[in-house]
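The analysis underlying the following values was restricted to heavy atoms, covering all of them including side chains, and did not include hydrogens, waters or symmetry mates.
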Amino acid sequence: VQLQASGGGLVQPGASLRISCASSGRTFSGYGIGWFRQAPGKEREFVAVISRGGGAVHTDSVKGRFTISRDSAKKTVYLQMNSLKPEDTAVYYCAATTDYGFIRAPGSYEYWGQGTQVTVSS
């Protein structure tokens with residue numbers, strides 16, 4: 001499967017942004033899709049995952065602000081980001097795993113998109 005992340009940009013604190021992860025291939029529903037982010041000088045960190053069964057988990061720092069969702073017909077996973085903060089600034093990556101459950105470890109993901117830059121600044 002190939003993944004294409006898009007929708008990043010420069011926004012002010014408090015603004016909203018929706019980023020997308022489009023998938024090629026016929027077996028999109030057979031993958032859990034995760035969002036990760038990496039800020040300069042920091043390790044890649046887990047943000048959210050939507051499992052093969054459709055359930056979702058978000059890391060604590062984005063709970064109540066970010067929402068991951070899936071449109072199977074469009075083979076696309078979204079990350080709706082509200083109330084953005086400067087500390088959300090990072091390159092956001094989507095990734096696919098064939099594992100079941102809510103997978104947080106980057107090493108468990110077999111396929112990665114190229115990343116989209118999100119910058120939150122006034």
Margin query: Between E110 and T97, does the side-chain contact (heavy atoms from CB on, under 4.5 Å) criterion hold? Intermediate values first, please.
Written below: CA-CA 6 Å; E110 296 98 323; T97 178; 3.6 Å; yes
Notebook entry, point to check: Are the side chain of R104 and the backbone N or O of V57 linked by a donor-acceptor pair below 3.5 Å?
Noted result: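 Absent.
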Notebook entry, point to check: Can you tell me if R52 uses its side chain to pair, donor with acceptor, with the backbone of T98 under 3.5 Å?
Noted result: yes
Notebook entry, point to check: Taking the six-membered ring of Y92, is NZ or CZ of R37 closer than 6.0 Å to its centre and within 45° of its axis?
Noted result: no
Next item on the list: Flag this pair as yes if the NZ/CZ of R44 is under 6.0 angstrom from the six-membered ring centre of F36 and inside a 45 degree cone about the axis; otherwise no.
Entry: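 Judged by the rule (NZ or CZ under 6.0 Å from the ring centre, within 45° of its axis), R44 is not positioned above F36.
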In the structure I gave you, are the side-chain heavy atoms of [X] and [Y] within less than 4.5 Å of one another anywhere?
X	Y	result
R18	M81	no
I50	V77	yes
P86	P13	yes
T89	S121	no

Between [X] and [Y], which heavy-atom pair has the shortest distance, and what is it?
X	Y	answer
A90	A39	CB-N, 3.8 Å
L17	G9	CD2-N, 3.9 Å
I68	A56	CG2-CB, 3.5 Å

Distance in Å, [X] [atom1] paired with [Y] [atom2], rounded so as to fall on 0.5 Å steps:
X	Y	atom1	atom2	value
C21	W112	SG	CH2	10.5 Å
Y31	S51	OH	OG	15.5 Å
I19	Q117	CD1	CD	10.5 Å
Y109	I33	OH	CD1	8.0 Å
S16	Q80	OG	CD	5.5 Å

Checklist line | Ring-ring centroid check F46 W35, cutoff 6.0 Å | finding: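 Not close enough - the centres of the two rings lie 6.0 Å or further apart.
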Margin query: With a 4.5 Å cut-off on side-chain heavy-atom distances among I, L, V, M, F, W and Y, is there a chain of contacts connecting V1 to Y78?
Written below: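 Result: no, two separate clusters.
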Next item on the list: Say whether V120 and V91 are linked into one hydrophobic cluster, either directly or through other cluster members, by side-chain heavy-atom distances under 4.5 angstrom.
Entry: no
Note to self: Before you tell me yes or no, could you show the steps for V47 and H58 under side-chain contact (heavy atoms from CB on, under 4.5 Å), namely the whole-Å CA-CA distance, both residues' side-chain angles and the distance that decides it to 0.1 Å?
What the structure shows: CA-CA 6 Å; V47 177; H58 303 76; over 6 Å; no
Margin query: Assess the residue pair Q38 and Y93 against the criterion (side-chain contact (heavy atoms from CB on, under 4.5 Å)); give the C-alpha distance rounded to whole Å, side-chain angles, the decisive distance to 0.1 Å, and a yes or no.
Written below: CA-CA 8 Å; Q38 188 165 19; Y93 298 90; 4.2 Å; yes
Margin query: Looking at K85 and D88, is any side-chain nitrogen of the basic one under 4.0 Å from a carboxylate oxygen of the acidic one?
Written below: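 Salt bridge between D88 and K85, a charged N being under 4.0 Å from a carboxylate O: no.
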Notebook entry, point to check: Is the closest side-chain donor-acceptor distance between T76 and D71 under 3.5 Å?
Noted result: no
Notebook entry, point to check: Can Q2 and S23 be counted as having a side-chain donor-acceptor contact under 3.5 angstrom?
Noted result: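 There is no such pair between these side chains.
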Margin query: What verdict does the side-chain contact (heavy atoms from CB on, under 4.5 Å) test give for L79 and T67, after you've listed the backbone C-alpha separation in whole Å, the side-chain angles of each residue and the deciding distance to 0.1 Å?
Written below: CA-CA 6 Å; L79 187 67; T67 303; over 6 Å; no
Notebook entry, point to check: For atom CD of E87, is the number of surrounding heavy atoms from other residues, nucleotides or ligands below 6.0 Å larger than 12?
Noted result: yes
